[in-house]
Amino acid sequence: MSRFDENRTLDHLAETGPLDAKLASAAADAIAASHAAATRADGKAWVSSIPTLIDGNLDGLRAGGHFDAQGIEKLGQASHAAYLRIRPLLLERGRQGFVRRCHGDLHLANIVVLDDRPVLFDAIEFDAQMATVDVLYDLAFALMDLLQHHQPGAANMVLNRYLAATPTENLDALSALPLFMSIRAAIRAQVTLARLQRPHSGKPGILDQTRRYFELAGTLIRPPAPRLIAVGGLSGTGKTVMAQGLAPDVAPQPGAVVLRSDLVRKQMFAVEDTHRLPPSAYTPEVTARVYDTLAQRAQRVLAQGHSVIVDGVFAREDERDVIAALARECNVALNGLFLVADLATRQSRIGRRRGDASDATPEVAALQEHYNIGHVGWATIDASGTQEQTLQNCRNAIATGETRQSD
Ligand SMILES: Nc1ncnc2c1ncn2[C@@H]1O[C@H](COP(=O)(O)OP(=O)(O)OP(=O)(O)O)[C@@H](O)[C@H]1O
Ligand SMILES: [Mg+2]
């Protein structure tokens, strides 16, 4: 594919401001579709090539003397240690069919938006082996580059949308993301560094860009401990909007995996996200299965060292107890947030909402007023104000304290 309007590539678009959720979702869908169509490989050759790749990056970073030698050594040690930890997982991924002949070079300059549609171009064609990688390693290039381009919201959206669109086995491989993204950042650091060394190509800002890639590689390889955030509340309080707003800032990067009860239910009935389900899909038995699945998936993500936000009504004490037990079992900090807003506000929001996976109507919202919610040990969040105010209320509650796990 030939290069066209360079201003329409995601790296350029990212310079003009935050990439919106729709575009990020479409990019994730394009990546997921390319992976679904990709040929599988056993992955052994790729897995054994990773240490050489790490060392090659380090050599590239040493050349030119722009970076602190100790920082490079530390990156090398942490990368090799991470590799040894996840090597069995990567081999298993190969056996499961997640190593495929991918795009191979999915940084933002290789994603162009044509008629509002992200198109992946300039795939690696010269070296099939370089592009035969774990699908998450392919995705990691785009995720890392969104972070580098100050797009944490889009990076988080791409991750979540990709995970929602692909087999749940990908949840069990999230511990590979820190190394995958870090290697991708180190590759970009040295590619931009090499550009600096060419005569007359010293674009101002290139050294700064290179430094930021290098720093990002160092940050990504040391992910902080994961945490669990639960966003509950009656329909129309704004849980889904808050979960999405909070997720990008919940470390490790690129932010928390958001697990939504509505999406789990739609998947359970094998229907599109916005397909309306009948009342029979909302019996207590079905709802119990939805919450069970939600908790199981949250456990799988936390076990991988990645943070989770669960988004559901959580109207029952036992549903909230399961979340507290999960946090204890996984030994992670829990923030339970329970959003509240009056009925009229909730109904008017639901009435105006379009194209959402929730089946709640203003009538459902009215029925919820009669729920016996029981003792709420989570932080009660005033969600009657603007989205910005509610987001701030959530952030304050997260900053001021963990939910006691006995609550
Ligand atoms: N604070 C707010 N102010 C104004 N509108 C809001 C606010 N929070 C959310 N909204 C809008 O109200 C609608 C309902 O929000 P959202 O879908 O997040 O609620 P929810 O609690 O997830 O509901 P459900 O239980 O049905 O999933 C959405 O269209 C959203 O954009
Ligand atoms: Mg919702």
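This chain uses plain numbering: 1 for the first residue, then up along the sequence. As the structure lists them, so they are numbered: ligands from 1, and atoms in each ligand from 1. Bear in mind that the values here come from a model prediction, so they are computed numbers and not experimental data.
Cation-pi geometry between R93 and Y137 is not met: the NZ or CZ atom fails to fall both under 6.0 Å from the ring centre and inside 45° of the normal.
Side-chain contact, S235 with Q368: a donor N or O sits under 3.5 Å from an acceptor N or O. Side-chain contact of H35 with D138: a donor-acceptor pair under 3.5 Å is present, judged by distance alone. With no hydrogens or angles considered, no side-chain donor-acceptor pair links Q209 and R188 at under 3.5 Å.
What sits closest to atom 10 (N) of ligand 1 on the protein, heavy atoms only, is Q387 NE2, 3.7 Å. The nearest protein atom to atom 1 (N) of ligand 1, hydrogens excluded, is given as G385 O, 2.8 Å; this is a heavy-atom distance. Regarding atom 18 (O) of ligand 1, its nearest protein heavy-atom neighbour is V241 N, 3.0 Å.
Taking all atoms of both residues into account, the shortest heavy-atom contact from D122 to D105 is O-CB, 4.1 Å. Across every non-hydrogen atom of L171 and Q304, the tightest pair is O-CG, 3.2 Å.
Near A360, the atoms of ligand 1 lying under 4.0 angstrom from a non-hydrogen atom of the residue are 26 (O). Residue D262 has at least one heavy-atom neighbour below 4.0 Å for each of these atoms of ligand 1: 27 (O). Numbered from 1 in the order shown, with element, the atoms of ligand 1 that lie under 4.0 Å from a heavy atom of T386 read 1 (N). For ligand 1, the atoms sitting less than 4.0 Å from at least one non-hydrogen atom of T237 are 21 (O), numbered in the order shown with element in parentheses.
Using a cut-off of 4.0 Å between Lys/Arg side-chain N and Asp/Glu carboxylate O, D262 and R260 are scored as salt-bridged.
At under 3.5 Å, a nitrogen or oxygen of S358, whether backbone or side chain, sits near a nitrogen or oxygen of ligand 1. An N or O contact shorter than 3.5 Å is missing between V313 and ligand 1 by distance. Between G238 and ligand 1, at least one pair of N/O atoms sits closer than 3.5 Å.
Nearest to atom 25 (O) of ligand 1 by heavy-atom distance, out of K239, E388, R354, R260, is K239. Closest heavy-atom approach to atom 5 (N) of ligand 1 among the candidates Q368, R349, R353, R352: R349.
In summary, the aromatic rings of F314 and Y291 are positioned with their centroids under 6.0 Å apart.
The proximity of I350 to ligand 1, defined as any non-hydrogen pair under 4.0 Å, does not occur for either the backbone or the side chain.
When distances to the Mg ion (ligand 2) are checked against a cut-off of 2.8 Å, S235 contributes no N, O or S atom below that limit.
Residue R300 holds its CZ atom at 4.0 Å from OG1 of T168, rounded to the nearest 0.5 Å.
Between Y213 and H149, the ring planes lie perpendicular to each other; the angle is over 60°, past the 30° to 60° tilted range.
Heavy atoms of G236 come nearer than 4.0 angstrom to ligand 1 in at least one pair.
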